[in-house]
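Throughout, residue positions are numbered sequentially from 1 according to the sequence presented. Side chains included, hydrogens not; waters and symmetry mates left out as well; all remaining heavy atoms used. Atoms within a ligand are numbered from 1 in the order they appear, just like the ligands themselves.
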Amino acid sequence: MMMTKSLHGRVAVVTGSTSGIGLGIARALARAGADIMLNGFGEPADIEALRQEIATLSHVRASYNGADMSKPAEIAGLIEAATSELGKVDILVNNAGIQHVAPVGKFPAERWDAIIAINLSAAFHASQAVIAQMRERNWGRIVNIASAHGLTASANKSAYVASKHGLLGLTKVIALETARTGVTCNAICPGWVLTPLVQKQIDAWALRDNISPDKAKDLLLAEKQPSGEFVTPAQIGAFAVFLCTEQAAQIRGAALSMDGGWTAQ
Ligand code: NAD
């Protein structure tokens, strides 16, 4: 059977793609034919195995760069490495993100700074580093992974909610600045996805209320997500691929929910 590879010839950088949603997006973009620059933390051997898996299964080029997304100079280095190793950057997925849960009065200032740096400022620095070459070729896709928490709030997540609301603002501004070009910028706003980032919150809930992790998982979904089911990294990956197609060329500056009904309430 002939496979349609809608992104053949494109090069994608996916930040925070050694785990969870970023990895799901990297796999989906590769399956659609894009060459991939992976980024994120982890054991070198595990990351190399992922890199090889993506390259081999999808018949694309795959590289890895371990830039710390809290450091602007390393972010510039990531884009430079992708451009020199893979030839260019057509697609930038700003996905790397972290969480910390505490009331404002007890929120460590250092955690606030780290969350704003990684969840928000990194998207600015990476977008700034790619925008000129995207404009030059008159084609580009910037996909920001925001959150239901970009559209609504929850207690005890001040830095995360602020960073994700900010990321939606940045998304709109870049979309307006590129509106007359072939570059688009949009945000996906997932609800709960069962990744290490959320597993930590489930485990903390189970510990606090002395209940099983499975019970905590059910309660976590019941509290916010009407579908009662997690969104999957593969579903978000497929959505990101669609945003990179020509059919999505007039989706600009949008905050696109994929949240099991969370923000419909
Ligand atoms: P995850 O913890 O599974 O993955 C995070 C990735 O970011 C990892 O690859 C990690 O190594 C990388 N990372 C963390 N700090 C980094 C840094 N300083 N520099 C470079 N890479 C770094 O988390 P996830 O759930 O897959 O989250 C991915 C994104 O999706 C985040 O922006 C998160 O806010 C967002 N999101 C997650 C959910 C959810 O329910 N899991 C919901 C909405 C939005």
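Here's the thing with Thr18: one of its N/O atoms is less than 3.5 angstrom from an N/O atom of ligand 1. Distances between N or O atoms of Phe41 and those of ligand 1 include at least one value under 3.5 Å. Checking only distances, Ile118 never comes within under 3.5 Å of ligand 1, N or O to N or O. Between Pro190 and ligand 1, a contact under 3.5 Å exists for no N or O pair. Considering backbone and side-chain atoms alike, Asp68 places an N or O below 3.5 Å from some N or O of ligand 1.
Not a single heavy atom of Asn119 sits less than 4.0 Å from an atom of ligand 1. Distances shorter than 4.0 angstrom occur between a heavy atom of Pro196 and an atom of ligand 1. Heavy atoms of Gly191 come nearer than 4.0 angstrom to ligand 1 in at least one pair. Taking a 4.0 Å cut-off on heavy atoms, Ala148 fails to register as neighbouring ligand 1. Look at Ala146 and you'll find a heavy atom under 4.0 Å from some atom of ligand 1.
Donor-acceptor pairing under 3.5 Å is recorded for the side chains of Trp139 and Glu246. One side chain, Ser70 or Asp68, offers a donor N or O that lies under 3.5 Å from an acceptor on the other.
When the ring-ring contact (aromatic ring centres under 6.0 Å, His included) test is applied to Phe107, the partners found at least two apart in sequence or on another chain are His100.
Using a 4.0 Å cut-off between charged side-chain N and carboxylate O, Lys88 and Asp90 make a salt bridge. With salt bridges taken as basic N to acidic carboxylate O contacts below 4.0 Å, one links Glu53 and Arg27. Salt bridge status for Lys215 with Asp218: absent, with no side-chain N to carboxylate O gap under 4.0 Å.
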I'd like a table of donor-acceptor pairs (distance under 3.5 Å, sequence neighbours excluded) in which one partner is a side-chain atom from residues 188-196, with atom names and distances.
| from | atom 1 | to | atom 2 | distance (Å) |
| --- | --- | --- | --- | --- |
| Trp192 | NE1 | Leu220 | O | 3.2 |
| Thr195 | OG1 | Leu197 | N | 3.3 |

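For Val198, every heavy-atom contact with ligand 1 shorter than 4.0 Å involves the side chain, none the backbone. Counting heavy atoms under 4.0 Å from ligand 1, residue Ile21 touches it through both backbone and side chain. No part of Cys189 comes within 4.0 Å of ligand 1, judged by heavy-atom distances. With a heavy-atom cut-off of 4.0 Å, Lys164 touches ligand 1 through its side chain alone. Residue-level proximity to ligand 1 for Ile98 is carried by the side chain, the only part with a heavy atom below 4.0 angstrom.
Summarising the geometry of Leu86 relative to Val11, their closest heavy-atom pair is O-CG2, 3.5 Å, with the distance given to 0.1 Å.
A side-chain contact (heavy atoms from CB on, under 4.5 Å) with Asn39 holds for exactly one of Leu78, Thr18, Ile47; it is Leu78.
Scanning the protein for heavy atoms near atom 33 (C) of ligand 1, the closest one is Tyr160 OH, 3.4 Å.
Here Tyr64 contributes atom OH and Ile36 contributes atom CD1; the two are 15.0 Å apart, rounded to the nearest 0.5 Å.
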